[in-house]
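Just the heavy atoms: all of them, side chains too, but no hydrogens, waters or symmetry mates, feed the values below. Here is how names work: the chains are called A, B, and so on, in the same order as the sequence lines, proteins then strands, and each is numbered from 1.
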Amino acid sequence: MRFVIIGGDAAGMSAASRARRSDPELEITVLEQTQDVSYSA
Amino acid sequence: MIDDLVVRQADVFRNKMGIEVLTDHRAEGIDRVGRVVTGKGPQGVFAIPYDHLLVATGATPIMPRQPGWDRPGVMVLKSLDDGRRIKAFLASRPVRSVVIVGMGYIGMEMAEALRAQDIAVAMVKPRPALLPWLASELVETVSATLEKAGVAIHTGFDVAQIVDDGDRLQVMAAAGASLTADMVLVAVGVRPNSDLAAAAGLALGPDRSIAIDAQTRTSDPAIRAAGDCADAFHAVTGQRTWIPLALRANRTGWAAADDVCGKPVTLPAVVGSAVFKVFELGVARTGLTAKEAADAGFEPATVTIHTASRAHAHPGASRIQVHLVGDKGSGRLLGAQMVGREGVAHRINTAAAALHAQMTVEQFSQMDMAYAPPYGPAWDPLLVAANQLIKTL
């Protein structure tokens, strides 16, 4: 099963990390249009 | 130093967490029938199939379209790249003065950062009130603090155009006034990045945010939305609202993941709690303003009080102002605002808890609150205000 996330900042990377902790088997792909992910502004 | 703001680098997600992070990949289309996201990346176009999709596209600073707003030196501040551009600009030439368009918290925080570098700062906005959502007595404290810090405030200044004379920028008001600056920061608010979702036919909410339910699902149950692009239910009004803030972004991200993984999720409503620092002042709010309360059908009563931030005669005390909004009909507490040098940022959370619990002002006034002389008077400033507000309900 593949979980695709558009956007790699607070919401997107929170979702990616949390999904990974819950399900080690899930395929997780994050599409981020900039070079930066997960910054705290 | 800006890179210190990155909580986790992409490589950590890739190598330690087994998450495929594709940077420089711009999603441009969602095929809901085929369940495929298309877009452009460094290797050209891509098409990635999904079983579950999360739209977490955030928000973008609003940039007016009048002449001159595209000049170099006209900046916004949202992303890390925006911050890098501003720092590079400040380092590349002598910047003596900056005009900030807009007087929200991004503008105020930047005013403080620029004054710390001894750069002259003028803030302009078309409307008459500095912070239209803040009670007038509290606004006076904020504007006095800005003026004391050397920030010039120009309300009623509607920027018509920015003229680049090759050396400096002239910020021209519709009414004829003009200000000279080396840099212009545009901080007039953000809008949700919902074009992709709208083009895919997903239902939208307030301010064109993406409408989601208590499981973060959009109108297509295979697609969830989270963060600044998504809407929320307001615990006080029960209506949909759009208040893009960091805690909500993190929380909706978690909720979306739990829902995808089959865990039970019920996303809570928001109450719009927010705080910012402007020079030595803290400014905080939660819930509704009197105007928002009236617009939502309540019959608002308000009170504004001030007390000392510490017990009587305790050294170092300053003034805390508290503004409360209650409903005459039901007696409910509807909102709270606070301004002060200390004791504001976390005290607002007490009022936020009361709003989540849908307390009346009477119930709120009976709460058992902590006391010690360095932290406040025996009657907490919130209780002083609640006791006053009860009399008007």
- Task: Drop me the distance from Ile6(A)'s CD1 to Leu53(B)'s CG, to the nearest 0.5 angstrom.
- Result: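 So the gap between those two atoms works out to 4.5 Å.
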- Which distance, rounded to the nearest 0.5 Å, do you find between the CH2 of Trp254(B) and the CZ of Arg21(A)?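 The CZ atom of Arg21(A) is 6.5 Å from CH2 of Trp254(B), to the nearest 0.5 Å.
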- Do Phe3(A) and Asp51(B) touch side chain to side chain, with heavy atoms closer than 4.5 Å?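 They are not in side-chain contact.
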- Item | Heavy-atom side-chain proximity of Tyr50(B) to Met1(A) below 4.5 angstrom |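 No, side chains not in contact.
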- Query: How close do Ser17(A) and Ile19(B) get, heavy atom to heavy atom, and via which atoms?
  - Reply: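 Nearest pair, atom of Ser17(A) first, then Ile19(B): N-CD1, 4.0 Å.
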- Message: If I compare all heavy atoms of Val4(A) with all of Pro49(B), which pair ends up nearest, and what's the gap?
- Response: CG2-O, 3.6 Å
Part of [X] within contact of chain A (heavy atom distance under 4.5 Å):
X: Val260(B); value: both
X: Leu77(B); value: neither
X: Arg84(B); value: side chain

- Query: Should Leu31(A) and Ile48(B) be marked as a side-chain contact (heavy atoms from CB on, under 4.5 Å) after you check the CA-CA gap, both sets of side-chain angles, and the distance that decides it?
  - Reply: CA-CA 10 Å; Leu31(A) 305 171; Ile48(B) 295 176; 3.5 Å; yes
- Message: More than 12 heavy atoms of other residues, nucleotides or ligands under 6.0 Å from CZ of Phe276(B): yes or no?
- Response: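 Yes, the 6.0 Å shell around CZ holds more than 12 heavy atoms from other groups.
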- Flag yes if more than 12 heavy atoms outside Lys263(B) fall under 6.0 Å of its NZ atom; otherwise flag no. yes
- Query: Passes side-chain contact (heavy atoms from CB on, under 4.5 Å), Ser22(A) versus Asp258(B)? Steps please.
  - Reply: CA-CA 8 Å; Ser22(A) 295; Asp258(B) 285 352; 4.2 Å; yes
- Message: With side-chain contact (heavy atoms from CB on, under 4.5 Å) as the criterion, how do Leu22(B) and Thr29(A) come out once you've worked through the C-alpha distance, each side chain's angles and the decisive distance to 0.1 Å?
- Response: CA-CA 7 Å; Leu22(B) 303 174; Thr29(A) 300; 3.8 Å; yes
- Item | Arg20(A) (side chain) donor-acceptor with Met17(B) (main chain) under 3.5 angstrom |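 Looks like yes, one N/O pair under 3.5 Å.
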- Item | Any donor-acceptor N/O pair, Asp36(A) side chain to Leu80(B) backbone, under 3.5 Å | no
- Message: Here's a test for you: under side chain to side chain contact (heavy atoms under 4.5 Å, CB included), which of Glu20(B), Arg35(B), His52(B) qualifies with Arg2(A)?
- Response: Glu20(B)
- Note on the structure: Most contact-rich option vs chain B, by heavy-atom pairs under 4.5 angstrom, among Glu27(A), Arg18(A), Gln35(A), is Arg18(A)
- Message: Just so I understand: if I count every heavy-atom pair under 4.5 Å between each of Gly7(A), Gly12(A), Ala15(A), Ala19(A) and chain B, which residue has the most?
- Response: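 Of Gly7(A), Gly12(A), Ala15(A), Ala19(A), Ala15(A) has the most heavy-atom pairs under 4.5 Å with chain B.
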- Task: Show the numbers, then the answer: is there a side-chain contact (heavy atoms from CB on, under 4.5 Å) between Val37(A) and Thr23(B)?
- Result: CA-CA 8 Å; Val37(A) 297; Thr23(B) 51; 4.2 Å; yes
